[in-house]
Structure formats: C-alpha cells, structure tokens
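What follows is a set of notes on a single structure, which appears directly below.
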Amino acid sequence: METQLSNGPTCNNTSNGPSTMSNNCSSPVESGSIEDSKTNLIVNYLPQNMTQEELKSLFGSIGEIESCKLVRDKITGQSLGYGFVNYVDPKDAEKAINTLNGLRLQTKTIKVSYARPSSASIRDANLYVSGLPKTMTQKELEQLFSQYGRIITSRILVDQVTGVSRGVGFIRFDRRVEAEEAIKGLNCQKPPGATEPITVKFANNPSQKTSQALLSQLYQSPNRRYPGPLAQQAQPSGAPRFSPMAIDGVTSLAGINIPGHAGTGWCIFVYNLAPDADESILWQMFGPFGAVTNVKVIRDFNTNKCKGFGFVTMTNYDEAAVAIASLNGYRLGDRVLQVSFKTNKTHKA
DNA sequence: TAATATT
C-alpha cells in the first residue's frame with residue numbers, strides 16, 4: 001500500500017481502457033507541491049449517464065465522503081464524464097484508487113487518481129495532434145512530447161474495426177505553458193523517421209460542440225448497451241424487446257407502488273452471494289445493464305461476512321428487468337445466483 | 001483529421 005502510494009496512483013493504468021501511458025507516475029511531492037490534497041480524487045471516463053448521486057454511492061462504499069461533484073456542461077447540463085470525490089480520510093482516498101481505478105462501468109473503464117490543485121495554469125493544456133505516422137505508438141508519441149513537460153494523458157485514435165492508427169491523437173500536459181512550448185517545438189515538424197510533418201494545436205473544448213452533436217448526444221439511447229459480461233445468460237432469443245421510448249431517462253416513476261420499486265428506483269434482491277462478497281461485485285455485475293444508484297451487501301454484524309444476499313437499486317425499470325433476466329441463474333464462482341425484484345414480505349408495515 | 005482531466 002505504502003509503496004503503491006509513493007509510486008503514484010496514476011500508474012495503475014488498465015490494459016484496454018482509455019487510459020494513459022505510465023509516465024505520469026510522479027507523486028504529489030515529486031510534482032512540485034507538498035500541498036497536494038491526499039483526500040481529493042478526480043474520476044475520469046465516467047459513463048455519460050452516470051449521475052452525481054451514483055458517483056457518490058459508488059465511492060461512498062469505500063468510506064465517508066466530504067464532498068462529491070459530477071462536472072456538467074454549464075449550458076446543457078450533460079455530464080462531462082468526470083467528477084471529483086473528496087474523502088474525509090486520506091486512507092479512504094488511497095483505498096478508492098486501489099479498488100476502483102480501472103473499474104469497468106458500462107462501456108467505460110474509469111480512472112481514479114489524485115486531483116491536482118485547481119489552477120488556471122493546468123487548464124487548456126490539451127493538444128490535438130494530426131498527421132502522425134500510422135506506425136507511431138502511444139509510447140513513441142509520449143517520448144516525442146515529453147521533452148516539453150509532464151504528460152498527464154495521451155491517446156492515439158485507432159480505427160474501430162482494424163485497430164490501425166488513424167494518425168491523430170491527443171496529448172494533455174500538466175501545464176498550459178508546456179503545451180504552448182510543444183506547439184512551438186513540434187508543429188509542422190517531422191518526427192524522427194517520418195516523411196511528413198505533424199500538426200500540433202490546442203484541442204477543442206467540449207463546450208464548443210455543435211448543437212447537432214449535442215442533440216445526438218441527448219438522444220443517445222441507453223437501450224443499446226451491450227448486455228454486460230454475462231451475455232450467455234441473456235434472455236432466450238424471441239423474448240420481447242424493450243422499447244427505447246420507455247427508458248429515455250425521463251419516464252416518471254414517482255408515486256408508482258409496485259413491489260421492487262422503492263421510490264428512488266427499482267430494488268433488486270440478489271441471493272446466494274459468497275461470504276466474502278463485497279459491493280464492487282454488485283457494481284460490476286449490474287453496472288453494464290444501466291443506471292445503478294445503489295448497491296448493498298448485507299453483512300453479519302459480528303463477523304462482517306456477507307449473509308448471502310444483497311440489494312441493487314436501478315433507476316430504470318427496463319434496465320432492471322434486463323439485468324434480472326440476465327443475471328438470475330448466473331453462476332458466480334461455485335454459486336448460482338437468484339436475482340429478482342425485491343418483494344415487500346420482509347418488512348410489512 | 002476530434003476524444004474529453006480541474007470543481
């Protein structure tokens with residue numbers, strides 16, 4: 001634990017997530033400020049539909065949260081895909097990095113790292129690079145740019161089908177001045193061995209998105225989500241499909257009184273969990289099916305071992321129904337899970 | 001030639 005912390009949490013890159021190369025591993029001390037917070041985390045690559053409450057619920061399963069904020073577009077209110085979680089205890093922040101960094105949520109692999117102190121100097125430090133040799137790797141790209149400063153993230157865009165580089169990428173520096181120097185030094189220059197010069201300029205800001213792009217984003221249907229890691233358990237072919245109209249996120253469920261519906265969402269009962277099961281397994285199993293607002297593993301007060309069951313709250317009925325259809329009967333280790341909407345029989349008024 | 005990381 002101590003070793004990993006001093007080595008920098010951002011070294012925990014995942015293999016296929018939208019993560020960075022591993023040169024951003026400086027500790028807060030090494031990066032020049034001993035005042036860096038050890039409780040405040042930045043969470044990147046959040047699913048588009050994840051809410052602040054869901055973020056808080058996920059990270060609250062680690063420890064007490066002092067504050068939590070999902071960053072949204074000022075105009076459209078759309079999530080910008082990242083947020084901040086500030087813990088009360090630095091130990092919990094460290095634990096969150098160790099347990100939640102790299103967690104797969106829907107189509108995303110989230111990244112959890114310490115937040116740098118907010119400052120104007122770290123803003124607008126993102127570069128768009130085009131004309132790269134198709135053979136250039138992310139590592140080589142970073143090597144080229146690292147002479148100008150500390151790289152926070154890098155990415156080379158690839159063809160989704162072939163996996164071949166599209167010759168364009170992004171480099172985010174720690175500070176804007178570093179990005180400015182990189183433009184001066186590398187724009188219109190040929191990388192070593194390349195036959196064509198590259199273009200290096202500041203990347204567009206998300207706020208500059210066209211209204212058309214915003215519209216397509218607003219109407220992106222959450223129904224197209226792949227059915228999670230457990231597709232073999234999915235409903236038999238021929239089973240009724242769910243209408244995208246019904247799960248557009250604005251369907252009002254307030255006041256509906258149906259078993260399983262708890263006012264804030266649809267409560268799902270998960271039975272036959274192992275004694276050492278924890279909340280993360282529930283997030284991982286149900287997250288791919290849609291908006292999960294809460295998970296809970298029921299534990300014995302004395303032993304702190306799971307009593308064999310837990311609950312998951314999902315916002316949308318259709319997504320909950322698909323999750324149940326897919327996960328009921330799912331084999332987790334050597335156990336076969338029973339998954340259903342929660343009934344009211346356990347606590348009759 | 002364009003995905004999102006500083007409240």
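Throughout, protein chains are lettered first and strands after them, A, B, ... in sequence-line order, and every chain is numbered starting at 1. The basis for the numbers below is simple: all heavy atoms, side chains too, and nothing from hydrogens, waters or symmetry mates.
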Among the candidates B:dT7, B:dA5, B:dA3, find the nucleotide nearest to the side-chain atoms of A:N126.
B:dA3
Side-chain N or O of A:Y45 closer than 4.0 Å to phosphate OP1/OP2 of B:dA5:
yes
CZ (A:F202) with more than 12 external heavy atoms under 6.0 Å
yes
Please give, in whole Å, the distance from B:dT4 C1' to A:R155 CZ?
7 Å
Could you check how far CG of A:N187 sits from P of B:dT1, rounded to whole Å?
17 Å
Residue closer to the 5' end of DNA chain B, A:G167 versus A:R172 (nearest nucleotide)
A:G167
Regarding the side chain of A:S130, the nearest nucleotide among B:dT7, B:dT1, B:dA5 is B:dT1
Quick one: A:Q160 CD to B:dA3 C1', roughly how many Å, whole number?
12 Å
Taking atom P of B:dT4 as reference, at what distance in whole Å does atom NZ of A:K111 sit?
13 Å
So do A:R172 and A:S154 actually touch side chain to side chain, heavy atoms under 4.5 Å?
no
Can you check whether A:F170 stacks with the B:dA3 base, using ring centres under 5.5 Å and planes within 30°?
yes
Is there a donor on the side chain of A:N204 or the base of B:dT4 sitting less than 3.5 Å from an acceptor on the other?
no
Would you tell me if any nitrogen or oxygen in the side chain of A:S118 comes within less than 4.0 Å of OP1 or OP2 on B:dT7?
yes
Could you give the CZ-to-P distance, from A:R176 to B:dA5, as a whole number of Å?
18 Å
In terms of side-chain geometry, is the basic nitrogen of A:R175 or A:E178 positioned less than 4.0 Å from the acidic oxygen of its partner?
yes
Without decimals, in angstroms, what is the distance between A:Y114 OH and B:dT6 C1'?
17 Å
Which whole-number value in Å describes the distance from A:L55 CG to B:dT7 C1'?
12 Å
Nearest to side-chain heavy atoms of A:L157, which nucleotide of B:dT1, B:dA3, B:dT6
B:dA3
Are side-chain N/O atoms of A:Q338 and A:N272 paired as donor and acceptor at under 3.5 Å?
no
The side chain of A:V168 lies closest to which of these nucleotides: B:dA5, B:dT1, B:dT7?
B:dT1
d(CG, A:L70; C1', B:dT6) in whole Å
13 Å
Do A:F269 and A:F309 make the cut of ring centroids closer than 6.0 angstrom?
yes
Phosphate OP1/OP2 of B:dA2 contacted by A:R166 side-chain N/O (<4.0 Å):
yes
Counting the atoms with a prime plus P, OP1 and OP2 as sugar-phosphate, which does A:K74 contact under 4.0 Å by heavy atoms, base, sugar-phosphate, or nothing?
nothing
